[in-house]
Amino acid sequence: MTKKYSLLKIRESRNEFEALLRIYGVSNMTFSKIIGVNYATSKKFIIKPSTLRFIHAQRLADFIGLTVQDVVDTIVYDLK
């Protein structure tokens with residue numbers, strides 16, 4: 001897939017969504033290409049994942065091999 005992040009880098013994630021991306025080795029640049037938005041927009045989605053649209057969550061889930069529900073659950077976990 002892509003590069004793998006160290007455990008320390010995963011622990012330093014701002015939220016669970018960013019940790020999910022790092023666990024699967026998805027960088028911000030790769031994330032922006034997967035969901036089809038520019039780099040600045042993808043950075044905003046990582047900082048505040050609740051603004052992510054369903055189609056973007058679906059594209060990400062297809063890329064990393066998860067269900068959309070898994071991605072949504074990760075986002076909802078941060079809202080609690």
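If you take CG on Leu79 and OG1 on Thr74, they are separated by 11.0 Å, rounding to the nearest 0.5 Å. The distance from atom CD of Glu18 to atom CG of Asp78, rounded to the nearest 0.5 Å, is 10.0 Å.
Cluster partners of Tyr39, by chain and number: Met29. The rule joins Ile, Leu, Val, Met, Phe, Trp and Tyr whenever side-chain heavy atoms lie under 4.5 Å apart.
A single hydrophobic cluster is seen to contain both Phe31 and Ile23, as judged by linkage of ILVMFWY side chains at heavy-atom distances under 4.5 Å, directly or through other members.
Residues Ser42 and Asn28 share a closest heavy-atom pair of OG-OD1, 2.7 Å. Between Ser27 and Thr30, the shortest heavy-atom distance links the atoms OG-OG1, 3.0 Å.
Contact of the Leu60 side chain with the Leu21 side chain is registered, since non-hydrogen atoms from C-beta on lie closer than 4.5 Å. Side-chain contact between Phe17 and Val71: present, with at least one pair of heavy atoms (C-beta onward) separated by less than 4.5 Å.
Applying the side-chain hydrogen bond (donor to acceptor under 3.5 Å, both in side chains) rule to pairs touching residues 43-67 yields Thr67-Asp70, sequence neighbours excluded.
By the side chain to side chain contact (heavy atoms under 4.5 Å, CB included) test, Leu8 is found to be paired with Ser6, Glu12, residues two or more places apart in sequence or in another chain being considered.
With hydrogens and angles ignored, the 3.5 Å screen pairs a side-chain donor or acceptor of Asn15 with a backbone N or O of Ile46.
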